[in-house]
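As the structure is a prediction and not an experimental result, all values here were calculated from the model. Keep in mind that the numbers below use all heavy atoms, side chains included, and drop hydrogens, waters and symmetry copies. Letters A, B, ... mirror the listed sequences (proteins, then strands); counts begin at 1.
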There are 2 protein chains.
Amino acid sequence: MTTRLPPRSPARPAETVARRLSELVALSDAEAALVRGLGERRERHLPGDMLVAKGALDSRPRFILSGWACRQRILADGRRQIFSFLLPGDSISITRRSQPEVCAIHALTALETGDAQLVVNAAESGRAPGLAYALAALEPQEQTLLLDHMVRLGRQSAYERTAHFLIELQRRLKVAGLGDERRFPLPLTQEMMGDALGLSVVHVNRILQQLRRDGLIELRSGVAILLQPEQLADIAEARPPTRSAPIATPSAGRTGAAPA
Amino acid sequence: MTTRLPPRSPARPAETVARRLSELVALSDAEAALVRGLGERRERHLPGDMLVAKGALDSRPRFILSGWACRQRILADGRRQIFSFLLPGDSISITRRSQPEVCAIHALTALETGDAQLVVNAAESGRAPGLAYALAALEPQEQTLLLDHMVRLGRQSAYERTAHFLIELQRRLKVAGLGDERRFPLPLTQEMMGDALGLSVVHVNRILQQLRRDGLIELRSGVAILLQPEQLADIAEARPPTRSAPIATPSAGRTGAAPA
DNA sequence: CGCTTCTTTGACGAGCCTCAAACTGAGTGG
DNA sequence: CCACTCAGTTTGAGGCTCGTCAAAGAAGCG
C-alpha cells in the first residue's frame with residue numbers, strides 16, 4: 001500500500017490553475033472556460049530545462065499545469081540561490097513581463113505549462129474583469145512569498161527556516177488542490193532545498209532528521225507529511241494563511257477592471 | 001577639515017529625483033518641470049516614523065527628496081529583517097500601490113518626501129510618455145535589488161555580503177547625485193546594517209574592521225569611502241552596474257506609452 | 001556634565017560548513 | 001538476474017563563522 005499522491009490529472013490539465021484563481025475571485029463561467037483552455041496549448045519540459053532565460057525581455061505568459069520550477073541565480077563559483085519555487089497553478093511571465101536580469105526560471109521536475117496568452121488578452125481587453133482582478137492579485141502574492149523567504153534567510157535558524165518552508169509549501173499546494181492539511185508532494189532533493197534555504201546539503205539533511213526525531217514531520221518517496229502543523233507553525237512563526245485580495249474589494253457582481 | 005558631504009540641496013529639492021529618472025529615459029522639459037514640482041508639496045518625517053503601514057492598501061505615491069528609509073518586517077520576538085533601503089530619489093508606493101502584508105516602510109533618518117500624485121497622473125494620462133516609461137522602469141530595478149539582497153543573505157559570507165552591500169549603496173547614491181565613485185554618505189548604524197544583512201551588530205562591527213584593515217574601505221562620521229572599489233567588487237562578485245531599460249527600447253522622440 | 005546611543009573589544013559557545021565515506025535506491029546493461 | 005553506475009541520502013569528525021553575553025570606550029546632546 002503505497003502512499004502516493006496522484007501524479008497529475010490528465011483529464012483536466014488546467015484544473016489546478018482554475019482552483020488557484022478561484023481562491024482570489026469568483027470567475028464567471030466564460031472566464032472559467034477561458035482558463036480551462038490553457039490545457040489546449042500545452043508544452044512539455046524536462047528537469048533542468050530553462051523556461052525563461054535571465055533578463056529575458058518578453059517571454060510568453062504561461063501557467064504551470066504540472067511539475068515544479070524555480071527562479072534562481074547561479075554565482076560564478078557555482079553557488080546557487082533559489083529565489084522561489086513555482087508550483088502547479090503558478091504563473092510565469094504574467095505578473096512580471098520581463099525577468100529581472102540574472103534571474104532565470106528552470107524546471108526542477110518534468111513539467112507541463114499552458115499558454116496563457118488568450119487569458120491575458122481577455123483580462124487586458126476588459127472582457128474578463130474577474131480574470132483581470134485575479135491576475136493582478138497574483139503579483140502581491142508572489143511578492144509576499146519573496147519577502148517571507150527573505151526573512152527566513154536573514155533572520156531564522158535552519159530549524160525555523162525549514163519548518164517555515166514546509167508550511168509554506170503545504171499551504172500553497174493545498175490551494176492548488178494538491179495535498180491536504182498534512183500531506184503534500186515534495187519532489188525536491190535536499191540539495192534544492194539547501195539552495196533555497198541558504199544551507200548546505202548536509203545541514204538540510206540533519207535538520208530534516210531533527211524534525212523527524214521531534215515528531216513534527218515525515219518524509220518519504222516524494223511525499224511530505226506535517227505531523228503537527230500547529231506546533232510547526234509556532235516554531236516557524238508562520239502567520240495565518242493570510243487571505244489575499246490586496247488590490248481592491250471585488251464588489252459583488254460586476255467587478256470593475258483592475259486599476260491601471 | 002571635516003569631510004562632510006552636502007547634507008541636502010535646499011535650493012532644488014527634487015533634483016535628486018530628476019537625476020534618477022533621467023538615468024532611465026530622457027525627459028522632456030515639461031516632464032522635468034513636473035518632476036521638479038515634487039518640491040512644492042513636501043512632507044517631513046522624523047527617524048522612526050512609519051511612512052507606510054504594513055499591508056496598507058493604497059498609500060499616496062511619493063518620492064524621497066532627502067534622507068533614508070527602509071522596508072522591513074519585525075518578528076514577534078523582536079528580530080528585524082530590513083528588505084531594502086530607500087534612498088533620496090527612490091519612490092514610495094509607485095511601483096507597487098499596495099504594500100505586501102507585513103512589510104512596512106520606516107524612516108531611518110530625518111526625511112523629506114514629495115507628493116508624486118501629479119507626476120503619476122501625468123504618466124497615466126498619456127501626456128507624459130517619458131515619465132510613464134521611467135516610472136514603469138523603476139519596478140524591475142527594485143526587484144533586481146531585492147534579488148541581489150536575497151543572494152547576499154542566502155549565499156554569501158558576511159565579508160562578501162558587506163562588500164556587496166557597500167558597493168550597491170555607492171552605485172545607487174552616485175546615480176542620485178550623492179557621492180562619487182568612492183565616497184558616499186552612510187547614515188546607518190551598524191545595527192541597521194546588521195538587520196539588513198542578517199548579521200549581529202557585533203559581527204557587523206568586526207567585518208567592517210576587517211574591511212578597514214584590508215585597506216578596502218574607510219568609515220567615519222556618516223561617510224563611507226571605498227578605497228579599492230574594483231577589488232571590493234571582486235570580493236562581492238558584484239556585477240557591472242547593469243544599465244536598466246528592461247521594459248522596451250524607448251524609441252527616440254515620441255515614445256509609446258508603457259505596455260499595460 | 002550626565003545621559004543615551006553607538007561603537008568597539010574580549011571570551012566563549014553554538015550553528016553551520018567542509019571533507020570524507022558509507023549507504024540506499026533506481027536504473028542500465030551484460 | 002546480477003553487477004555496475006549514478007544520483008541522492010545519511011553519518012562522522014573537525015573546524016571556521018558567526019552569535020551571545022558582558023563591559024568598556026566614544027560620541028552626540030540637553
Side-chain angles (χ1 to χ4, degrees), chain A residues 2-4 7 46-48 68 75 77-81 107-110 152-165 186-214 217-224 235, chain B residues 2-4 7 46-48 68 75 77-81 108-110 152-165 185-214 217-224 235:
Chain A
T2 58
T3 61
R4 200 151 296 166
L46 294 177
W68 289 35
L75 303 189
D77 59 4
R79 283 179 292 186
R80 169 169 77 159
Q81 178 63 50
L108 294 173
T109 70
R152 284 197 286 256
L153 292 176
R155 279 304 181 218
Q156 294 196 300
S157 69
Y159 195 73
E160 296 169 326
R161 221 179 285 188
T162 307
H164 197 191
F165 172 68
L186 185 65
L188 301 179
T189 66
Q190 296 180 359
E191 184 178 11
M192 295 171 188
M193 291 194 232
D195 284 344
L197 297 175
L199 301 171
S200 68
V201 195
V202 174
H203 202 59
V204 168
N205 185 282
R206 292 200 164 103
I207 296 297
L208 289 177
Q209 310 249 1
Q210 198 178 336
L211 286 167
R212 275 194 276 242
R213 270 200 310 278
D214 296 346
I217 67 168
E218 207 169 296
L219 282 185
R220 55 180 198 280
S221 63
V223 175
I235 291 167
Chain B
T2 58
T3 61
R4 198 150 297 165
L46 293 178
W68 289 33
L75 303 189
D77 58 5
R79 286 179 289 185
R80 169 169 77 159
Q81 179 62 50
L108 295 173
T109 69
R152 284 198 287 255
L153 291 175
R155 279 307 181 213
Q156 294 197 299
S157 69
Y159 195 72
E160 297 169 326
R161 219 179 287 188
T162 308
H164 197 189
F165 173 67
L186 184 66
L188 301 179
T189 66
Q190 296 181 358
E191 184 178 10
M192 294 171 189
M193 291 194 232
D195 285 342
L197 297 174
L199 302 170
S200 69
V201 194
V202 174
H203 203 60
V204 167
N205 185 282
R206 292 202 164 102
I207 295 296
L208 290 177
Q209 312 249 1
Q210 197 177 338
L211 286 166
R212 275 195 275 243
R213 272 200 310 279
D214 296 345
I217 67 168
E218 209 169 292
L219 283 183
R220 53 180 201 282
S221 62
V223 176
I235 292 167

Undergrad: Would you say C:dC16 has OP1 or OP2 under 4.0 Å from some side-chain N or O of B:Arg155?
TA: no
Undergrad: Tell me: CZ of B:Arg220 to P of D:dA26, nearest whole Å?
TA: 18 Å
Undergrad: Give the rounded distance in Å between these two atoms: CZ of A:Arg212 and C1' of D:dT11.
TA: 13 Å
Undergrad: Using a 3.5 Å distance criterion without hydrogens, assess whether the side chain of A:Gln81 forms a donor-acceptor pair with backbone atoms of A:Ala196.
TA: yes
Undergrad: Nearest whole Å is fine: how far is D:dG19 P from A:Tyr159 OH?
TA: 21 Å
Undergrad: Checking contacts here: which listed nucleotide (D:dT10, C:dC17, C:dT9) is nearest the side-chain heavy atoms of A:Ser200?
TA: C:dC17
Undergrad: Heavy atoms under 4.0 Å, any strand shown: does B:Val202 hit a base, just sugar-phosphate, or nothing?
TA: base
Undergrad: Atom CD of B:Gln209 and atom P of D:dG25: how far apart are they, to the nearest Å?
TA: 16 Å
Undergrad: CE of B:Met193 versus P of C:dT7: gap in Å, rounded?
TA: 7 Å
Undergrad: Nearest-Å distance, CG (B:Leu186) to C1' (C:dC6)?
TA: 14 Å
Undergrad: Test your reading of the model: is there a side-chain donor-acceptor pair from B:Arg79 to the backbone of A:Arg155, 3.5 Å cut-off?
TA: yes
Undergrad: Under 4.0 Å between a side-chain N/O of B:Gln190 and OP1 or OP2 of C:dT5, yes or no?
TA: no
Undergrad: In whole Å, I'd like the distance from the CD1 atom of A:Ile207 to the P atom of D:dT11.
TA: 14 Å
Undergrad: Side chain of B:His203: nearest nucleotide among C:dT18, D:dT9, D:dG19?
TA: D:dG19
Undergrad: With a 4.5 Å heavy-atom cut-off, do A:Val204 and A:Leu208 have their side chains touching?
TA: yes
Undergrad: Can you confirm whether B:Gln210 is buried at CD, in the sense that more than 12 heavy atoms of other residues, nucleotides or ligands lie under 6.0 Å from that atom?
TA: yes
Undergrad: Please pick, from D:dA22, C:dT18, C:dC16, the nucleotide with the shortest atom-to-atom distance to any side-chain atom of A:Arg161.
TA: C:dC16
Undergrad: Using the side-chain heavy atoms of B:Leu199, tell me which of these nucleotides is nearest: C:dT18, C:dC16, D:dC18.
TA: D:dC18
Undergrad: Checking all strands, does B:Gly198 fall into the base, sugar-phosphate, or nothing category for heavy-atom contacts under 4.0 angstrom?
TA: sugar-phosphate
Undergrad: Report yes if a donor N or O on one partner sits less than 3.5 Å from an acceptor N or O on the other, where the partners are the side chain of A:Arg206 and the base of C:dG15; otherwise report no.
TA: no
Undergrad: Let me know the distance between CG of A:Leu208 and C1' of D:dT11, rounded to the nearest Å.
TA: 15 Å
Undergrad: A:Arg161 side chain to A:Arg152 main-chain N or O, any donor-acceptor pair under 3.5 Å?
TA: yes
Undergrad: Determine: side-chain N/O of A:Asn205 to OP1/OP2 of D:dT10, distance under 4.0 Å, yes or no.
TA: yes
